[in-house]
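Written below as structure tokens is the structure these notes are about.
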Amino acid sequence: MYKLVQGSSESPVTLRALIPVRFVGKIIGPRGRIHQQLEYDCDVKMYFDEQGANVRDRLLSIAGQPPSLGAAFRHVLQQVQSDILHNEFNNREKFSVKFLIPSLLVERLKAKPSQLIPDGCILHEIAEENHCRLVIHPDPLPNTTEHTMDVIVSRLQKDHLGYFERAVTHIAEQFRAHRFESMSPYNVYFSNNPTDHHDAENHDDSDEYCTFTAEEMKVTYHA
């Protein structure tokens with residue numbers, strides 16, 4: 001993870017996401033060619049954590065400027081969903097990437113009022129402006145202070161991919177704007193390195209998620 005320089009608006013940002021193991025090869029490509037091309041095209045640095053035993057997801061970290069992160073994760077979404085993207089009979093209702101966000105930053109953003117939406121927070125604003133959904137798991141991953149946050153769009157068409165890219169860019173801007181919360185020494189970060197003991201496999205047993213959508217401007221919890 002890049003170290004942010006205090007007071008610099010040009011400091012790079014790192015966003016981290018959990019990628020299903022079966023899709024990692026599509027992002028890396030033969031001999032790492034897709035990985036290398038993505039770094040070059042988007043001007044980012046990206047790497048996967050080592051794979052622990054019996055894990056379902058690999059931890060992907062991408063570092064760069066917020067617009068570059070938006071473009072890079074748009075590419076990741078396209079690679080992960082490439083089979084569906086080329087299927088004209090696609091009937092799925094959502095497409096997403098599962099990001100990680102520290103608890104301190106979650107609370108900070110939920111408390112940060114939107115300048116556009118009455119009674120809404122900045123997360124509602126991001127969802128509204130980019131026609132997407134942001135779904136944050138109410139509990140942090142085991143033995144960490146990080147929550148999962150799905151950024152969801154309803155289609156993989158060009159305009160919806162653009163919405164996704166802008167939403168990720170705006171999220172990265174919030175990570176940079178709130179450095180203390182995003183990089184606090186009190187944060188306990190998730191890792192699926194074999195030497196660590198975090199477990200994301202059994203994290204989906206909660207029946208309540210904090211959802212920010214363009215349709216519902218208040219925080220809602222869905223069973």
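Nothing fancy with the numbering, it's 1 onward along the sequence.
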Indicate yes or no: at least one non-hydrogen side-chain atom of L15 is less than 4.5 angstrom from one of I62. no
With rounding to the nearest 0.5 angstrom, report the OG to CG distance, S61 to D49. 6.0 Å
What heavy-atom pair brings C121 and L109 nearest, and what distance separates the two atoms? CB-O, 3.5 Å
Can you tell me if T14 uses its side chain to pair, donor with acceptor, with the backbone of A63 under 3.5 Å? no
So does P66 get a backbone contact from the side chain of E173, meaning a donor-acceptor N/O pair under 3.5 Å? no
So, the side chain of R176 versus the backbone of S11: is there a donor-acceptor pair under 3.5 Å, distance only? yes
Looking only at atom types and distance, does a side-chain atom of S182 sit under 3.5 Å from a main-chain N or O of F175, one as donor and one as acceptor? yes
Taking all heavy atoms of I126 and all of C132, pick out the closest pair and write down the distance. O-SG, 4.2 Å
Nearest 0.5 Å, please: how far is CD1 in I122 from CD in Q174? 4.5 Å
Checking the side chain of H147 only, and the main-chain atoms of H137 only, is there a donor and an acceptor separated by less than 3.5 Å? yes
Would you mind reporting whether E39 and H35 have side-chain heavy atoms less than 4.5 Å apart? yes
Worked check of side-chain hydrogen bond (donor to acceptor under 3.5 Å, both in side chains) between Q36 and R31: CA-CA 9 Å; Q36 294 167 12; R31 299 186 178 182; over 6 Å; no
Any side-chain heavy-atom pair from K110 and L123 closer than 4.5 angstrom? yes
Mind running side-chain contact (heavy atoms from CB on, under 4.5 Å) on R16 and L59 for me, showing each step along the way? CA-CA 7 Å; R16 304 159 75 240; L59 178 61; 3.1 Å; yes
Establish, yes or no, whether a centroid distance under 6.0 Å links the rings of F164 and F95. no
Inter-residue atom distance S103.OG - L141.CG, 0.5 Å rounding: 9.5 Å
Between V106 and I101, does the side-chain contact (heavy atoms from CB on, under 4.5 Å) criterion hold? Intermediate values first, please. CA-CA 7 Å; V106 171; I101 180 170; 3.6 Å; yes
Which atom pair, heavy atoms only, marks the closest approach of V44 to S68? CG1-CB, 3.6 Å
Distance (rounded to the nearest 0.5 Å) between I171 CD1 and F73 CZ: 10.0 Å
Nearest atoms (heavy-atom pairs only) where E181 meets N187: O-ND2, 3.0 Å
Ignoring hydrogens, what is the shortest heavy-atom contact between Y189 and M183? Give both atom names and the distance. OH-CA, 3.4 Å
Rounded distance [0.5 Å steps], CZ in R133 versus CD1 in I152: 5.0 Å
Please walk me through it: do I27 and V80 pass side-chain contact (heavy atoms from CB on, under 4.5 Å)? CA-CA 7 Å; I27 298 170; V80 168; 4.1 Å; yes
Atom CG of L77 and atom OG of S96: how far apart are they, to the nearest 0.5 Å? 7.5 Å
Between T169 and G70, what is the shortest heavy-atom contact and its length? OG1-CA, 3.5 Å
Side-chain contact test, heavy atoms from C-beta onward, threshold under 4.5 Å: evaluate it for L161 versus Q78 and give yes or no. yes
